[in-house]
*Asks:* 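The structure's right below; bear with me while I get my questions together.
In this text, all values refer to a predicted model and were calculated from it rather than measured experimentally.
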Amino acid sequence: HPGAAGNVLHPVPPLPRAGEHAELCSGLLASRAHTSPKYFYDAMGSVLFEAICVLPEYYPTRTEAAIFSTHLPQMAEVIGTGGTIIDLGAGNCAKAARLFPLLHPHQYVPIDISADHLNDAVSRLQQRFPHIEMTALSLDLAQDWQLPPEVRNERRLFFYPGSSIGNFEPAQALDFLRHLRLCCDNNGGILIGVDLIKDAQILATAYDDHLGVTAAFNLNLLRHINRLLGSDFALSQWQHRAFFNSRQSRIEMHLEAKQDVQVRWADGGRDFRQGESIHTENSYKYSIPDFVALLEQAGFIAAHHWTDSDEWFAVIYAQT
Ligand code: AVI
């Protein structure tokens with residue numbers, strides 16, 4: 001059914017501007033200012049994130065890719081073929097495309113917040129794999145969402161690579177996994193990438209690279225907020241901070257005021273003291289047993305996992 005390409009479905013309308021505005025303001029005005037990591041990904045932010053993924057310090061992308069290269073045939077044996085692959089945060093769809101020659105899905109459902117990205121990627125992919133039905137969905141996975149009836153229910157495999165699950169708070173991650181489990185009926189599963197706990201210095205450097213790409217990615221958030229709120233954040237007054245919080249097992253990213261700062265926007269504003277910060281991201285790191293326990297709490301049965309020889313990253317397959 002190749003006609004599906006180029007028609008991105010929007011089962012849930014994107015958060016209206018007013019909703020984003022309110023969400024951003026309440027985070028910025030909270031006693032500990034914070035923002036949702038989804039605001040990183042404007043056009044510049046998405047390009048900077050692609051650059052992060054090829055940095056020598058940012059090991060997750062290449063480590064996960066190596067795990068897939070090495071173990072894909074065995075993954076296919078464990079998972080089986082056919083069914084529907086639902087790609088969560090598909091982006092350019094390249095990671096899922098590598099699964100097709102072994103998993104032979106009947107249907108492919110890429111989901112991404114950006115409909116433009118999806119349209120281009122899916123049209124190209126449909127030409128390479130004309131026999132796979134493709135149904136693209138534009139959804140914010142952090143909001144409430146449901147799969148539309150166009151998504152077949154024969155056997156659903158959720159594909160969630162990249163360790164993005166780490167950007168949810170653990171309680172939200174559990175809710176999210178539970179939601180996936182309920183979307184699976186009795187014959188589905190999840191193939192998920194998880195970044196593992198490791199030496200704090202290796203972790204911290206992955207989020208504070210020598211080229212300053214992650215710093216630019218973090219600071220670019222202020223430009224995006226300026227556009228969304230009409231605010232007057234001056235990038236030169238802020239600096240990137242990233243560190244591993246071992247008690248909470250997470251990387252924290254912050255933007256720290258280098259001096260006393262006044263920020264104004266149309267219907268509000270805030271003063272920041274020197275050293276005060278805006279908490280912009282958490283990236284949780286798990287042990288394999290802890291993540292397996294989370295999957296089991298969500299109602300999945302962890303069937304298999306694959307790691308690199310340093311055990312820096314894991315790809316886990318869990319089924320219903
Ligand atoms: C998208 N996500 C998995 C990245 C991470 O590692 O948490 C986002 C990121 N932030 C800074 N560098 C990468």
Side-chain angles (χ1 to χ4, degrees), residues 49-50 52-54 58-105 108-112 141 155-168 170 173-174 176-181 183-184 188-199 202-203 206 249-251 283-320:
F49 180 64
E50 279 181 30
I52 286 175
C53 291
V54 291
Y58 193 72
Y59 61 84
T61 313
R62 68 179 135 76
T63 308
E64 182 185 52
I67 293 170
F68 277 109
S69 309
T70 311
H71 299 291
L72 199 50
Q74 206 213 344
M75 289 178 186
E77 261 174 49
V78 175
I79 297 167
T81 59
T84 295
I85 294 181
I86 304 167
D87 189 353
L88 304 168
N92 64 11
C93 307
K95 290 182 184 177
R98 297 179 62 196
L99 305 178
F100 295 169
L102 281 123
L103 293 186
H104 302 289
Y108 173 57
V109 181
I111 302 182
D112 205 281
L141 294 170
R155 232 196 74 211
R156 291 174 172 169
L157 174 70
F158 286 99
F159 180 51
Y160 199 27
S163 70
S164 294
I165 192 76
N167 298 128
F168 285 108
L174 178 59
F176 183 74
L177 294 171
R178 280 198 172 120
H179 182 60
L180 299 183
R181 172 64 189 86
C183 291
C184 269
I190 177 170
L191 185 62
I192 186 166
V194 182
D195 195 15
L196 301 176
I197 298 166
K198 60 185 66 59
D199 178 77
I202 293 169
L203 282 167
S249 195
R250 69 190 191 198
I251 286 281
S283 190
Y284 283 85
K285 309 302 169 190
Y286 291 91
S287 69
I288 293 175
D290 284 350
F291 200 81
V292 165
L294 198 67
L295 285 163
E296 287 175 351
Q297 250 183 296
F300 286 102
I301 299 160
H304 225 287
H305 67 260
W306 298 269
T307 56
D308 55 296
S309 54
D310 296 319
E311 302 212 346
W312 279 6
F313 200 94
V315 175
I316 305 182
Y317 174 62
Q319 58 197 21
T320 56

*Asks:* Kindly compute the distance separating CG (Asp87) from CG (Leu99), expressed to the nearest 0.5 Å.
*Replies:* 8.0 Å

*Asks:* Report the distance from atom NZ of Lys198 to atom OG of Ser287, rounding to the nearest 0.5 Å.
*Replies:* 11.5 Å

*Asks:* Determine the minimum heavy-atom distance between Phe168 and Tyr284, stating which atoms define it.
*Replies:* O-CD1, 3.4 Å

*Asks:* Within this structure, what is the CG-CD distance for the pair Leu295 and Gln297, rounded to the nearest 0.5 Å?
*Replies:* 10.0 Å

*Asks:* Which one of Ile79, Ile316, Val78 satisfies the side chain to side chain contact (heavy atoms under 4.5 Å, CB included) criterion with His304?
*Replies:* Val78

*Asks:* Give a yes or no answer on whether the side chain of Gln319 reaches the backbone of Gly189 with a donor-acceptor pair at less than 3.5 Å.
*Replies:* no

*Asks:* For residues Gly91 and Asp112, report the shortest heavy-atom separation together with the two atoms involved.
*Replies:* N-OD2, 2.7 Å

*Asks:* What heavy-atom pair brings Leu174 and Ala298 nearest, and what distance separates the two atoms?
*Replies:* CD1-N, 3.8 Å

*Asks:* Return the SG to CZ distance between Cys93 and Phe100, rounded to the nearest 0.5 Å.
*Replies:* 7.5 Å

*Asks:* Between Ser249 and Lys285, is there a donor-acceptor pair closer than 3.5 Å when you use the side chain of the first and the backbone of the second?
*Replies:* yes

*Asks:* CG of Asp308 to CZ of Phe313: how many Å apart, nearest 0.5 Å?
*Replies:* 9.0 Å

*Asks:* How far apart are the closest heavy atoms of Phe300 and Ala318, and which atoms are they?
*Replies:* CB-CB, 3.8 Å

*Asks:* Would you say the side chain of Tyr59 lies within less than 4.5 Å of the side chain of Asp195, judging by non-hydrogen atoms?
*Replies:* yes

*Asks:* Looking only at heavy atoms, what is the nearest atom pair of Ser69 and Arg98, with distance?
*Replies:* OG-NH2, 3.1 Å

*Asks:* Which distance, rounded to the nearest 0.5 Å, do you find between the CG of Leu180 and the CG of Leu141?
*Replies:* 8.5 Å

*Asks:* Given Ile111 and Ile86, is the side-chain contact (heavy atoms from CB on, under 4.5 Å) satisfied, shown in steps?
*Replies:* CA-CA 7 Å; Ile111 302 182; Ile86 304 167; 3.7 Å; yes

*Asks:* Check whether Arg155 reaches the backbone of Thr81 with its side chain - one donor and one acceptor, N or O, closer than 3.5 Å.
*Replies:* yes

*Asks:* Could you walk me through whether Tyr160 and Phe176 pass the ring-ring contact (aromatic ring centres under 6.0 Å, His included) check?
*Replies:* CA-CA 12 Å; Tyr160 199 27; Phe176 183 74; 5.5 Å; yes

*Asks:* A side-chain contact here means heavy atoms from C-beta on lying under 4.5 Å apart; do Ser283 and Asn167 qualify?
*Replies:* yes

